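Predicted, not measured: the structure shown is a model, and the values here were computed from it. Computed over heavy atoms, backbone and side chain alike; hydrogens, waters and symmetry mates excluded. Counting begins at 1 with the first residue of the sequence. Note that ligands are numbered from 1 as they come in the structure, with each ligand's atoms numbered from 1 the same way.
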Amino acid sequence: MADPAEVDQEPFRTFGDPLHPSSDQLLSDAFPEMNSNQPDSAILPVQTKSKTALKKELRFQKRTERCKINRANEKLRRKEKLLASRKRMQAASTPEHPYVSRRVERRMARDKLTKALTEGVRLCVDMSFEELMSPKEIGQLASQICYMYSSNKKVEKPFCMHLTSLKQGTKLHEEVVKRCPGFDNYKIKVFEDPLEKVFQKEELVYMSPDSPNILERIDPSKVYVIGGLVDGTPKRQVSLSRAQALNCQSVRLPIAEHMKRSASHGNTILTLNQVYEILMRFNETNSWEQALDACVPRRKGFTVNGQADTPTAEEEDKTDVLQEETNRETITS
Ligand SMILES: C[S@@+](CC[C@H](N)C(=O)[O-])C[C@H]1O[C@@H](n2cnc3c(N)ncnc32)[C@H](O)[C@@H]1O
């Protein structure tokens with residue numbers, strides 16, 4: 001690789017004046033046979049390119065040189081930054097938290113995911129709602145699958161991830177492959193078959209914001225199903241109807257039980273990856289407060305009990321309404 005310091009001097013060695021010479025000056029330095037006082041016609045027989053073309057060429061050469069220098073400097077800067085951060089991490093390394101290189105870290109993450117495929121709690125995204133989504137929503141769903149997978153790679157106790165009803169040749173499959181780099185090597189279980197053909201209905205626990213039942217704890221013998229649906233304008237009870245059609249258990253997240261209304265707007269319908277994050281954090285901490293506080297966006301109008309200011313009378317009314325909803329049957333799943 002060229003030494004950036006050397007490259008830096010190159011334009012000035014070639015064209016003489018280090019103090020930004022005029023383009024005419026540069027032209028006559030670069031092409032001495034060309035006298036800029038002569039009309040263009042006089043120089044054409046010697047120099048076939050016009051003066052404008054030569055100026056353009058010169059500008060292009062200067063720009064290329066500048067880019068080369070910038071690239072070399074940037075590469076050097078990145079290398080120095082990496083070395084400095086590696087040194088810092090090595091210095092901070094302790095027997096309890098030893099320094100681990102990025103390569104080793106990646107290998108450990110893959111090993112953890114491989115282990116999760118046989119030992120992790122099963123989590124499935126039901127990809128059977130393609131016809132309910134616009135092309136844009138299908139793309140968003142594919143991106144959410146990608147976020148879920150990359151979160152699953154980073155956690156201490158990854159889930160054993162499944163996708164069902166993901167058929168080759170569909171727009172949804174195409175988007176998933178496009179938006180999830182290396183999808184074919186993902187450590188997840190992918191099925192063209194629907195949920196009901198892959199699992200026993202007794203082991204299914206369908207997550208639905210409209211369910212009358214509350215998820216209290218995670219049972220490792222169950223399969224937790226998230227509806228693979230992005231609906232800009234929420235379609236009511238889609239996941240609940242699907243659970244009813246499958247004749248399997250349904251549950252909702254205990255948001256109203258562990259959080260209070262802090263705004264008059266908002267709802268408890270979360271995106272797939274938010275639901276995934278909550279389940280994942282709960283699986284690690286066993287605390288709904290921690291999991292919900294970290295993952296329910298503030299704009300949803302909820303804060304963890306005891307954390308926000310005292311609610312107004314209006315907020316308290318709403319909390320009561322939410323609380324009433326929770327007085328329905330509670331299922332331990
Ligand atoms: C964007 S939501 C789709 C909402 C859709 N209207 C429905 O009826 O399912 C995507 C999925 O996340 C899960 N989900 C979202 N909010 C939830 C909540 N509060 N409790 C349980 N599951 C939830 C459900 O599985 C849902 O199908």
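When each atom of ligand 1 is checked for a heavy atom of S239 under 4.0 Å away, the hits are 7 (C), 8 (O), 9 (O), 27 (O). Near R252, with a cut-off below 4.0 Å to any heavy atom, the atoms of ligand 1 are 20 (N), 21 (C). Near Q237, meaning under 4.0 Å from one of its heavy atoms, ligand 1 places the atoms 8 (O). When each atom of ligand 1 is checked for a heavy atom of K235 under 4.0 Å away, the hits are 5 (C), 6 (N), 8 (O).
Residue contacts with ligand 1 leave out P234, since none of its heavy atoms falls under 4.0 Å from the ligand. Heavy atoms of V275 come nearer than 4.0 angstrom to ligand 1 in at least one pair.
K178 meets the salt bridge (charged side-chain N to carboxylate O under 4.0 Å, His left out) test with E175; sequence neighbours excluded. The salt bridge (charged side-chain N to carboxylate O under 4.0 Å, His left out) search around R122 returns E203, not counting sequence neighbours.
Residue, atom and distance of the protein heavy atom nearest to atom 8 (O) of ligand 1 are V238 N, 2.9 Å. Here the heavy atom of the protein found nearest to atom 19 (N) of ligand 1 is T268 O, 2.7 Å. Of the protein's non-hydrogen atoms, L253 N, 3.1 Å is the one closest to atom 20 (N) of ligand 1. Protein heavy atom closest to atom 11 (C) of ligand 1, with residue, atom name and distance, is G227 O, 3.4 Å.
With T118 contributing its side chain and K115 its backbone, the two residues share a donor-acceptor pair below 3.5 Å.
Looking at M207 against ligand 1, both its backbone and its side chain come within 4.0 Å, counting heavy atoms. Of the heavy atoms in V230, none comes closer than 4.0 Å to ligand 1. If you look at S211 next to ligand 1, there are no close heavy atoms at all, none under 4.0 Å. Neither the backbone nor the side chain of Q274 has a heavy atom within less than 4.0 Å of ligand 1.
In this structure, L204 and L246 approach most closely via the heavy-atom pair CD1-CD1, 4.5 Å.
Of the polar atoms of D231, at least one N or O is found under 3.5 Å from an N or O of ligand 1, judged by distance alone.
Around OH of Y147, the count of heavy atoms belonging to other residues, nucleotides or ligands within 6.0 Å does not exceed 12.
In summary, the side chains of S211 and S250 do present a donor paired with an acceptor at a separation below 3.5 Å, with no hydrogens or angles considered. Looking at Q274 and T271, their side chains do bring a donor and an acceptor atom within 3.5 Å of each other.
One finds a salt bridge joining R298 and D293 here, because a Lys/Arg side-chain nitrogen approaches an Asp/Glu carboxylate oxygen to under 4.0 Å.
Of the candidates I214, L272, L270, V296, the one placing a heavy atom closest to atom 2 (S) of ligand 1 is L270.
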query: Can E130 and K171 be said to form a salt bridge (charged side-chain N to carboxylate O under 4.0 Å, His left out), step by step?
result: CA-CA 8 Å; E130 182 170 355; K171 171 86 182 145; over 6 Å; no
task: Determine, stepwise, if the pair S208 / S239 fulfils side-chain hydrogen bond (donor to acceptor under 3.5 Å, both in side chains).
output: CA-CA 5 Å; S208 170; S239 43; 3.0 Å; yes
